[in-house]
Amino acid sequence: MSQTAQLSTEQRAALIARNLEEVIGAEELPALLAQNLPLRHYIGLEISGKLHLGTGLMCMQKVRDLQRAGVHCIVFLADWHTWINDKLGGDRERIKRVAVGYFKEGLKASLAALGGDPEALEFVLGSDLYHHNDVYWETLIEVSRNTTLNRILRSISIMGRNEGESIDFAKLIYPPMQVADIFILRANIAHGGMDQRKAHVIARDVAHLLSIAPLRDAHGKVIKPIAIHHHLLLGLEKPPQWPVDPEKLRELRTAMKMSKSKPRSAVFIHDSPDEIRAKMRKAFCPPPADGIAFNPVLDWAEHLIFRNAQSLFVPRAPENGGNLTFESYEALAAAYSEGGLHPMDLKNAMSEALIALLEPVRKHFEDRAEIKAMWAELEAML
RNA sequence: CCCGGGAUAGCCAAGCGGCCUAAGGCAGCUGACUGUAAAUCAGCCAUUCGGAGGUUCGAAUCCUUCUCCCGGGACCA
């Protein structure tokens with residue numbers, strides 16, 4: 001905190017807003033910071049399987065930034081949302097155990113590896129938040145009263161569902177619950193990947209319509225939560241249409257995000273070095289002639305490696321030109337585009353860089369029997 | 001509770017009494033080719049058709065029953 005005290009409002013705002021895909025309500029941020037109000041952040045995570053780099057690193061990278069900016073960070077372990085979405089077999093007691101066991105450990109280890117403070121990170125379990133909490137349920141109804149069915153239907157389509165596919169009614173309760181979570185946790189900053197923007201936008205739209213638990217600033221004025229959305233890492237697979245239509249690039253990137261249900265698309269935070277190398281070797285990595293607009297390996301270099309390391313070292317055999325070091329993503333992308341870096345050398349470099357970045361996380365899971373046991377319990381549920 | 005439709009591999013899906021130790025597609029796996037992946041080519045991938053009975057020389061295919069899913073209706077003091 002002493003470090004925070006030395007940061008100017010501008011510096012804090014810059015830390016909060018950096019490396020994001022978008023900040024909704026950016027213009028409200030300086031005023032909020034100037035009030036010296038203790039800021040609260042929230043990111044809600046459904047307990048739905050092994051932690052991949054999108055959750056472990058992309059989310060926690062931002063948490064680290066926020067902590068440095070003096071924001072109190074909260075991970076909301078959404079066990080009810082897991083239940084609603086039929087994940088992990090629906091055994092609620094086990095979901096809870098996995099949430100507070102595996103998920104918490106994995107996220108703390110990831111945050112620590114990225115230079116954040118895991119001890120300062122607050123974890124709130126959905127079940128605990130909802131238990132005997134009238135204000136929560138009242139807010140859920142208030143949010144629902146101020147949202148239309150059409151809007152809810154639109155917002156659930158992002159949960160990986162296809163049009164026309166039949167769903168049970170509980171799925172419709174999911175988005176308003178997510179919105180209520182934000183207000184009941186009194187989060188000034190709602191954080192998630194780009195796939196979370198619909199729920200966050202609803203939260204902002206209803207913010208001024210709530211009477212039970214509105215969000216207020218230091219002067220008691222009702223305010224909207226600021227929504228920050230990080231980049232969704234590309235999965236390592238080839239997209240369905242290739243080459244990609246530049247017009248559709250944005251939606252394709254969302255559709256092609258890393259996913260735990262497509263094991264080839266994702267690297268998990270505790271993958272072994274050999275697993276990481278194998279996945280990288282199989283990754284879709286189009287040659288420079290095809291452009292670099294859609295290249296998962298470069299995407300990871302930009303969003304994971306250069307956000308956490310000064311450089312990327314490329315080990316190369318002498319006959320292929322010898323070793324290389326890149327100091328920035330721009331330099332790397334330029335070299336790749338010009339054909340000065342072979343895809344395989346890029347992959348090798350990325351494998352080793354990721355292995356190094358994840359080394360503390362892997363050790364955390366390997367060294368302690370009880371943590372390994374949590375991981376084993378989760379694997380058994382998949 | 002009633003009527004109707006359905007249940008075939010991870011997913012989609014053909015077959016509707018013998019040629020089914022079940023077509024095809026997607027996904028996946030292995031190999032070839034590329035100094036990566038992709039693309040392409042070759043190979044592998046359900047002894048079994050939601051469960052249990054029965055009819056028959058013979059059933060995924062017909063009958064009975066149970067379970068589950070979908071659509072609709074009924075109930076609504």
Side-chain angles (χ1 to χ4, degrees), chain A residues 48-50 52-53 84-91 153 156-157 159-172 233-246 248-249 252-253 255-268 271 273-305 312-324 326 329 332-355 378-382:
Chain A
S48 58
K50 289 193 279 184
H52 63 210
L53 304 187
I84 289 175
N85 261 350
D86 319 309
K87 304 279 178 61
L88 300 185
D91 180 336
L153 285 168
I156 59 168
S157 66
M159 306 193 312
R161 276 167 230 296
N162 301 320
E163 202 96 14
E165 195 176 338
S166 76
I167 51 162
D168 58 76
F169 180 69
K171 307 285 182 291
L172 301 186
L233 287 179
L234 247 31
L236 296 177
E237 301 169 314
K238 192 198 83 150
Q241 322 93 303
W242 182 260
V244 299
D245 177 357
K248 293 186 179 160
L249 194 60
L252 184 69
R253 291 181 78 95
M256 288 306 296
K257 71 176 179 176
M258 185 189 295
S259 160
K260 37 199 161 281
S261 56
K262 295 181 226 143
R264 274 196 54 184
S265 77
V267 164
F268 299 104
D271 274 350
D274 281 346
E275 284 171 318
I276 293 175
R277 291 187 189 106
K279 286 176 180 177
M280 263 300 153
R281 190 174 352 101
K282 297 201 163 212
F284 179 70
C285 187
D290 289 351
I292 60 166
F294 191 101
N295 184 316
V297 183
L298 284 173
D299 184 64
W300 290 22
E302 178 181 7
H303 295 280
L304 294 175
I305 302 308
L312 177 67
F313 174 70
V314 183
R316 245 181 4 178
E319 63 268 32
N320 291 327
N323 296 340
L324 275 174
F326 293 99
Y329 174 70
L332 175 74
Y336 190 81
S337 292
E338 290 154 15
L341 177 62
H342 186 91
M344 198 176 186
D345 292 323
L346 170 65
K347 286 182 170 183
N348 289 151
M350 281 298 295
S351 295
E352 299 315 312
L354 279 176
I355 289 166
L378 168 72
E379 296 253 29
M381 291 170 78
L382 295 177

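Just so we're on the same page: letters track the sequence lines, and every chain starts at 1. Because only heavy atoms are used, hydrogens play no part in the values below, and waters and symmetry mates are left out as well, while side chains stay in.
With a cut-off of 3.5 Å on both Watson-Crick or G-U wobble distances, the partner of B:G43 is given as B:C29. Remark: B:U67 base-pairs with B:A7. Criterion, Watson-Crick or G-U wobble with two distances under 3.5 Å. With a cut-off of 3.5 Å on both Watson-Crick or G-U wobble distances, the partner of B:G58 is given as none. Figure legend. B:C1 is base-paired to B:G73; pairs are counted as Watson-Crick or G-U wobble with both atom distances under 3.5 Å. The partner of B:C49 is absent, by the rule that a Watson-Crick or G-U pair needs both atom distances under 3.5 Å. The partner of B:A22 is absent, by the rule that a Watson-Crick or G-U pair needs both atom distances under 3.5 Å. B:U36 is unpaired under the Watson-Crick or G-U wobble criterion, no partner having all donor-acceptor distances under 3.5 Å.
Atom P of B:A39 sits at a distance of 34 Å from the matching atom of B:C49, rounded to the whole Å. Comparing B:U36 with B:G51, their P atoms sit 47 Å apart, to the nearest whole Å. Going from the P atom of B:U65 to that of B:G4 covers 13 Å, rounded to whole Å. Only the C1' atoms considered, B:C12 is 25 Å distant from B:A59, to the nearest whole Å. Look at the P atom in both B:C11 and B:G5: the space between them is 25 Å, to the nearest Å. Nucleotides B:G50 and B:U61 are separated by 15 Å at their C1' atoms, to the nearest Å. Distance noted for atom P between B:A13 and B:G58: 33 Å (whole Å). Using P as the reference atom, B:C2 and B:C66 are 10 Å apart when rounded to the nearest Å.
Contact annotation: the side chain of A:N320 never approaches that of A:H342 to less than 4.5 Å [non-hydrogen atoms, C-beta and beyond]. Put simply, the side chain of A:W300 reaches to within 4.5 Å of the side chain of A:L236, judged on heavy atoms. When side chains are defined from C-beta on, A:C285 counts as touching A:L346, because their heavy atoms get closer than 4.5 Å. Inter-residue side-chain proximity for A:L354 and A:I305 is flagged as met; some heavy-atom pair is nearer than 4.5 Å. In this structure, A:I355 and A:R277 have side chains that are in contact, with non-hydrogen atoms separated by less than 4.5 Å.
Base engagement by A:P287 is indicated by at least one non-hydrogen atom pair under 4.0 Å involving a base atom. When heavy atoms are screened at a 4.0 angstrom cut-off, A:D290 is found touching no nucleic acid atom at all. Using a 4.0 Å heavy-atom cutoff across all strands shown, A:K282 reaches sugar-phosphate atoms only and no base atom. Residue contacts for A:N348: at a heavy-atom cut-off of 4.0 Å it reaches no nucleic acid atom on any strand shown.
The nearest whole Å value for the distance from the CE atom in A:M344 to the P atom in B:A38 is 13 Å. In this structure, A:R281 atom CZ and B:A38 atom P are separated by 12 Å, rounded to whole Å. Straight-line distance from the NZ atom of A:K279 to the P atom of B:A38: 16 Å, rounded to whole Å. In this structure, NE2 of A:H342 is placed 8 Å from P of B:G35, rounded to the nearest angstrom. When rounded to the nearest whole Å, the span between CE of A:M256 and P of B:A27 equals 12 Å. Protein atom CZ of A:F169 is 16 Å distant from nucleotide atom P of B:C70, rounded to whole Å. The CG-P distance, from A:D345 to B:U36, rounds to 11 Å in whole Å. Counting to the nearest Å, the C1' atom of B:U36 and the CZ atom of A:R316 are 14 Å from each other.
When distances are taken from the side chain of A:K238 to each of B:U36, B:G35, B:A39, the shortest belongs to B:A39. Candidate nucleotides B:G35, B:G28, B:U36 were compared by shortest atom distance to the side chain of A:E237, and B:G28 ranks first.
Note on A:D86 versus A:K171: salt bridge recorded, some NZ/NE/NH1/NH2 to OD/OE distance being below 4.0 Å.
A distance-only check finds a donor-acceptor pair linking the side chain of A:R316 to the backbone of A:G322 [under 3.5 Å].
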